[in-house]
Amino acid sequence: MRSAFQQHFRSVLSAARKVHCRAKQPPAAAAAMAPLSSKAGDPDLTAPAPASTISSQRCLPEPSPFYAGSGLDVWTMMNQAAAEVGAVNLGQGFMSFPPQCFIRRAAQEALDQNVHNQYAPPRGRPALLEQIAARFSPRLGRQLDQASEISVHAGANEALLSVFTAFLTHGQDHEVILMEPAFDQYAPNIAMAGGKPVYVPLRVLAAADKVISSDDWKIDMAELEAAVSPKTRIIVLNTPHNPVGKVFTRDELAQIGAISERHNLLILADEVYEHLTYGRDHVSIASLPRMWERTVTVGSAGKLLGVTGWRVGWAIGPRALIQPTLAAHTRIVFTTNTPLQEGVASAMRQAVSNGFYEAQRQEYERRRNRLMEIFDDVGLPYVVPDGAYYLLVNASAVRVPQDYLFPEAISSRGPNFRLAYFFIREFGVSGIPPAEFYCEPHRYLAGDYVRFAFCKTDEGLDAAAVALQKLKHHLQSE
Ligand code: PMP
């Protein structure tokens, strides 16, 4: 015999099912990518769920449309496509070589001390704050106070999200200006924090059918200023720039700074590649007169030490900007992992005296030159990067057959995605379609560029050189 309560409960439940249950289809993009990702033995997370799972999930709360509607991120998409055919992966910007021995040992030693296996203070471990202050005080032209002007984050990504969260307010339509191409994480992070990105593209002031300088990519300052509205709160500045490799000049920084002063805006300076410049000096905008008080500078141990998986980054700025950033960080992740903060601190201390930074910079410059030679050889022009570790190659001369078959998930993302996919399938080399770094109306500006990363081993670059020989037979002029 069921109790009255049980009967009542069952009838309420069944009524609720009638109201709330709607059969859900898996997200279209994920389903369409499924053929690319199926590998024997691996669970295929992008494949449609089996019918039995769908029906048992019918009554679960629906995910936020913000996430339910989004397709695969470009990195997963291109990594999967590359793995499928065993392509040389020059796509995502992770190092394919191991970190130096002294860096690995620093982390191993940190793990061996019990205290380093427990929570760190939300602001960060004192040893790391000290090293960040030591490195960046001279670069920013002031003695940094590690107790109030620095916060340690779970990678630069989380530092960026913390700044957006701290300075944008839901329901207020706050705007953030992004210069395109813009690192793909900015826009969704701004939206998560309740803000709206406003886009100003870098303009290419040279004929892109030849090798050009990254300095030929310019921000039209009048266009930048015209994008400012009473709702604008922040300008995001990325120098050295991903994916262009542009290192903003002191004069450009001064002009951007003047705009931020005229309209009382914050500058979020993403300087994760500050240590990688080739024949040019990196200038931090926060070191320019009057810029300190309105700038948060973000950095990354992942980039600085070649350990992108450690997820350690930082934000530097005046107390008034770091305090709310730290408050947001405390609610987003609470603290950054302790042992790797200690590992980074120890490695940074050693790197000051063992010559690591300059040796690393020279290595990257050598790899950059090697990748440029490879494209010189196959006959495709590119943008010479003055910083960071990406090469934008103009592949407009590559013939893609009209009837070439692309998976729907690629095809639906436009010609720039199709081109990057064609490189993977036909030449066995993966890159990233820079269209992902533009808003929808500006996607056409990505043109026929493909971004290749050169934070890769010599063997990887040699393999790319061999694979790309096939490309010579696909050039328009043939
Ligand atoms: N900013 C830029 C411009 C980047 O290229 C990256 C990483 N690719 C990040 C931020 C994120 O750095 P991290 O790995 O430290 O989160």
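Counting starts at 1 for both ligands and their atoms, following the listed order. All values below were derived from every heavy atom in this structure, side-chain atoms included, with hydrogens, water molecules and symmetry-related copies excluded.
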Looking at [atom], what's its closest protein heavy atom, distance included?
atom	value
atom 16 (O) of ligand 1	Arg311 NH2, 2.8 Å
atom 6 (C) of ligand 1	Phe183 CZ, 3.4 Å
atom 4 (C) of ligand 1	Tyr273 OH, 3.6 Å
atom 2 (C) of ligand 1	Asp270 OD2, 3.4 Å
atom 12 (O) of ligand 1	Ala156 CB, 3.5 Å
atom 7 (C) of ligand 1	Lys303 NZ, 2.9 Å

What about [X] and [Y], are their ring centers closer than 6.0 Å?
X	Y	result
Phe102	Phe356	yes
Phe452	Phe423	yes
Tyr364	Tyr389	yes

Inset, instruction - Would you kindly specify which portion of Asn157 sits under 4.0 Å from ligand 1, judged on non-hydrogen atoms: side chain, backbone, both or neither? - result: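 Contact part for Asn157 vs ligand 1: both backbone and side chain.
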
Inset, instruction - Determine whether the side chain, the backbone, both or neither of His241 has a heavy atom under 4.0 Å from any heavy atom of ligand 1. - result: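 It is neither; nothing of His241 touches ligand 1.
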
Quick test of your reading of the model: are [X] and [Y] salt-bridged, counting only N-O distances below 4.0 Å?
X	Y	result
Lys246	Asp216	no
Glu84	Arg425	no
Arg366	Asp458	yes

Legend entry - Residue-ligand contact Glu158/ligand 1, heavy atom below 4.0 Å: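 Glu158 does not count as a contact of ligand 1 under the 4.0 Å cut-off.
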
Inset, instruction - Report yes or no: does a heavy atom of Thr308 sit under 4.0 Å from some atom of ligand 1? - result: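 No; Thr308 lies far enough from ligand 1 that no heavy-atom distance drops under 4.0 Å.
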
Legend entry - Ala182, Ser300, Gly299: member with heavy atom nearest to atom 15 (O) of ligand 1: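 It is Ser300 whose heavy atom sits nearest to atom 15 (O) of ligand 1.
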
Inset, instruction - Mind checking side-chain contact (heavy atoms from CB on, under 4.5 Å) for Ala359 and listing every partner two or more places apart, or none if nothing turns up? - result: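 Partners of Ala359 by the side-chain contact (heavy atoms from CB on, under 4.5 Å) criterion come out as none, since no residue qualifies.
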
Please table the atom pairs, donor to acceptor, closer than 3.5 Å between any side-chain atom in residues 181-189 and protein atoms at least two apart or in another chain.
{"residue": "Asp184", "atom": "OD2", "partner": "Trp75", "partner atom": "NE1", "Å": "3.0"}
{"residue": "Tyr186", "atom": "OH", "partner": "Asp270", "partner atom": "OD2", "Å": "2.6"}

